[in-house]
Amino acid sequence: MKRWALLLALAAVVAAVSTGAGRLVAPATASAAASAPSPIKFLTGPNSGAPLDIAKAYLLAHRNELRGTNVDVEHLRLSDQYEDADTHTTYIYFQQTANGANINRAIMNLAIAEDGSIITLDDRSVNQPAPAPAPLAPATSAAEATATAVADAGGKATDKAELQYVQADGGDLRLAWVV
């Protein structure tokens, strides 16, 4: 019985809000509030050009402000890009790399408005030694790494193993099979 009462109360609130009866702003101040500047601040103002070019230029210009140090911005790998059909916001995802190999979980993504303004940057870059560590041939093969991981997890076999750098506890990058 209490669930029905809660659902009825929720339906009444939704109806009040959708008809304007549930407004929290007095009608006299509603127009002033609607014309007030937005408190949301974008990272940049409008920019011209393609969203991917805007994103790359921003990362190059702000490389010293990134979470990771010595991030090789020139060699970030584009991992995804798409535009939201409703908002026309473009979302761009970059994978941090070292010596051509992905750095596990080191991703940066940007949201770019239709006018080229950069809305947000989610920076999960990691410290990257300069120069990047030379890749060493792993002691185990992809098949051996996969078999060990499957046995440890008690799962079924997979053939998806990728050689990536992973960040060790001390922050160093180590080449490993990511299964």
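Listed here is the closest heavy atom pair of Val166 and Ala176: CG2-CB, 4.0 Å.
Atom CG of Leu66 and atom CE of Met108 lie 5.5 Å apart (nearest 0.5 Å).
Formation of a donor-acceptor pair under 3.5 Å by the Thr87 side chain with backbone atoms of Thr89 is found in this model. Between the Gln128 side chain and the Thr97 main chain, a donor and an acceptor come within less than 3.5 Å of each other. A side-chain donor-acceptor contact under 3.5 Å links Gln96 to the backbone of Val126. Looking at Thr44, its side chain does come within 3.5 Å of a backbone N or O of Ile118 through a donor-acceptor pair. Of the possible polar contacts, one joining the Ser79 side chain to the Tyr93 backbone as a donor-acceptor pair under 3.5 Å is found. When atom types are taken as modelled, the side chain of Trp177 and the backbone of Thr140 share a donor-acceptor pair closer than 3.5 angstrom. No donor-acceptor pair under 3.5 Å is formed between the side chain of Arg105 and the backbone N or O of Ser125. No side-chain donor-acceptor contact under 3.5 Å links Asn99 to the backbone of Ala101. Of the possible donor and acceptor atoms, one in the side chain of Asn127 sits under 3.5 Å from a partner among the backbone N and O of Thr69. Side chain of Asn102 to backbone of Asn104: no donor-acceptor contact under 3.5 angstrom is found.
Residues Glu74 and Arg63 have side chains in contact (heavy-atom distance under 4.5 Å, counting atoms from C-beta outward). Within the 4.5 Å cutoff, the side chain of Ile119 has no heavy atoms near those of the Ile112 side chain.
Residues satisfying the salt bridge (charged side-chain N to carboxylate O under 4.0 Å, His left out) criterion with Arg67, sequence neighbours excluded, are absent altogether.
More than 12 heavy atoms of other residues, nucleotides or ligands sit less than 6.0 Å from atom NE2 of His62.
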